[in-house]
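Numbers for residues simply follow the sequence, beginning at 1.
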Amino acid sequence: MIIRQLSKEELTKVQSIALRTWPSTFANILSTEQIEYMLNWMYSIEMLESQFEKGHTFLLADEDGKELGFAGFELNYAEGPKAKLHKIYLLPEAQGKGAGKALILEVADRARKSSQKSLLLNVNKYNQMAIDFYLKMGFQEIYKEVIDIGNGYVMDDVVMELDL
């Protein structure tokens, strides 16, 4: 398995994986309408390019030329300094192959080398599989928050942190 950094021109890979991952990941958590709203908002090429230009790094997990998943993160996100893992998704058929762990370890390593003190992330409070995975990786819940994202929708999240 290879973890590599994506160029701005490759952000369509992030969008493609998100479009193939979100419907099954959130089918029992969010309405179809909210999934579509969030995908159109968070994974438009314009939004991804804007994040890239603001310094977000996107990593791709690849095995034998087949894309497995991605992670997107930002350094110096909060006081501390702290890094923020904004996005991490694996294709359903890639789950359980170690790609998620490899992506988290690579993000944590890059954050550590950039003198970040910890790595933060938000996860939907009903996504127990993801929460269990993050706990196994050493993250701890630090608080819960509800974020209004417009159109009558909210993100009801657990915020977790990994000391680096």
Side-chain angles (χ1 to χ4, degrees), residues 1 3 6 10-52 54 56-63 66-74 77-78 82-108 111 118-163:
M1 183 181 316
I3 306 292
L6 293 174
E10 295 178 294
L11 292 174
T12 55
K13 294 177 187 293
V14 170
Q15 183 186 52
S16 173
I17 293 168
L19 292 173
R20 291 182 283 159
T21 303
W22 270 58
S24 61
T25 300
F26 294 108
N28 296 323
I29 299 172
L30 305 174
S31 70
T32 302
E33 295 78 18
Q34 183 168 351
I35 292 169
E36 288 177 17
Y37 174 80
M38 292 178 73
L39 280 171
N40 289 331
W41 167 52
M42 296 169 69
Y43 290 95
S44 70
I45 292 301
E46 296 77 22
M47 177 63 83
L48 294 172
E49 287 177 348
S50 172
Q51 291 169 347
F52 186 91
K54 289 177 185 168
H56 290 213
T57 300
F58 293 89
L59 303 176
L60 180 74
D62 179 287
E63 187 174 59
K66 184 176 183 205
E67 299 161 3
L68 303 178
F70 70 87
F73 69 97
E74 175 183 12
Y77 172 79
K82 297 180 179 187
K84 175 79 181 254
L85 179 64
H86 287 286
K87 308 169 182 345
I88 182 168
Y89 289 99
L90 302 174
L91 291 170
E93 64 270 21
Q95 294 179 6
K97 294 185 173 193
K101 181 178 180 179
L103 283 164
I104 293 276
L105 292 174
E106 181 67 20
V107 171
S118 66
L119 178 61
L120 299 167
L121 62 81
N122 282 48
V123 58
N124 185 290
K125 74 177 187 179
Y126 298 110
N127 191 346
Q128 195 60 50
M129 197 166 100
I131 291 169
D132 291 344
F133 168 73
Y134 296 133
L135 289 169
K136 185 177 173 185
M137 294 298 299
F139 284 84
Q140 295 179 342
E141 179 181 330
I142 53 174
Y143 59 90
K144 291 183 168 110
E145 68 181 348
V146 177
I147 304 164
D148 185 338
I149 58 170
N151 213 39
Y153 300 122
V154 298
M155 292 192 309
D156 197 354
D157 290 349
V158 174
V159 179
M160 302 182 83
E161 185 172 32
L162 175 68
D163 290 329

Test ring-ring contact (aromatic ring centres under 6.0 Å, His included) applied to F73 - qualifying residues, sequence neighbours left out: none
Test log, rule side chain to side chain contact (heavy atoms under 4.5 Å, CB included), inputs K13 and D62: CA-CA 11 Å; K13 294 177 187 293; D62 179 287; over 6 Å; no
Closest contact, heavy atoms only, A18 versus L39: O-CD2, 3.8 Å
Rounded distance (nearest 0.5 Å) linking atom CD1 of I3 with atom CD of E63: 10.0 Å
Rounded distance (nearest 0.5 Å) linking atom NZ of K101 with atom CE of M1: 11.0 Å
Parallel, tilted or perpendicular: rings of Y89 and F26 (30°, 60°): perpendicular
Nearest-0.5 Å distance, CE of residue M160 to CD1 of residue I142: 9.5 Å
Where I131 and K125 come nearest, the two heavy atoms and their spacing: CD1-O, 3.7 Å
Derivation of the side chain to side chain contact (heavy atoms under 4.5 Å, CB included) call for E10 and L60: CA-CA 10 Å; E10 295 178 294; L60 180 74; 6.0 Å; no
Donor-acceptor pair, side chain of Q15 and main chain of Y43, under 3.5 angstrom: yes
For the student: nearest non-hydrogen atoms of E141 and K144, plus distance: OE2-NZ, 3.4 Å
F58 atom CZ: more than 12 heavy-atom contacts under 6.0 Å: yes
V154 backbone acceptor or donor facing Q34 side chain under 3.5 Å: yes
Donor-acceptor side-chain pairing of D132 and Q128 below 3.5 angstrom: yes
Inter-residue atom distance L121.CG - I104.CD1, 0.5 Å rounding: 6.5 Å
Where K87 and M42 come nearest, the two heavy atoms and their spacing: NZ-O, 4.0 Å
Distance-only polar pair, side chains of E145 and N122, donor-acceptor under 3.5 Å: yes
Non-hydrogen side-chain atoms of I149 and M38 separated by less than 4.5 Å: yes
Test side chain to side chain contact (heavy atoms under 4.5 Å, CB included) applied to Y134 and L162, step by step: CA-CA 9 Å; Y134 296 133; L162 175 68; over 6 Å; no
Derivation of the side chain to side chain contact (heavy atoms under 4.5 Å, CB included) call for F133 and Q95: CA-CA 11 Å; F133 168 73; Q95 294 179 6; over 6 Å; no
For the student: nearest non-hydrogen atoms of A78 and L120, plus distance: CB-CD1, 4.3 Å
Between CZ on residue F52 and CG on residue L6, distance to nearest 0.5 Å: 8.5 Å
Over all atoms of both residues, closest heavy-atom pair of G100 and L90: N-CD1, 3.4 Å
L30 side, atom CG; E36 side, atom CD - distance, nearest 0.5 Å: 12.0 Å
Residues forming a ring-ring contact (aromatic ring centres under 6.0 Å, His included) with Y153, sequence neighbours excluded: Y37
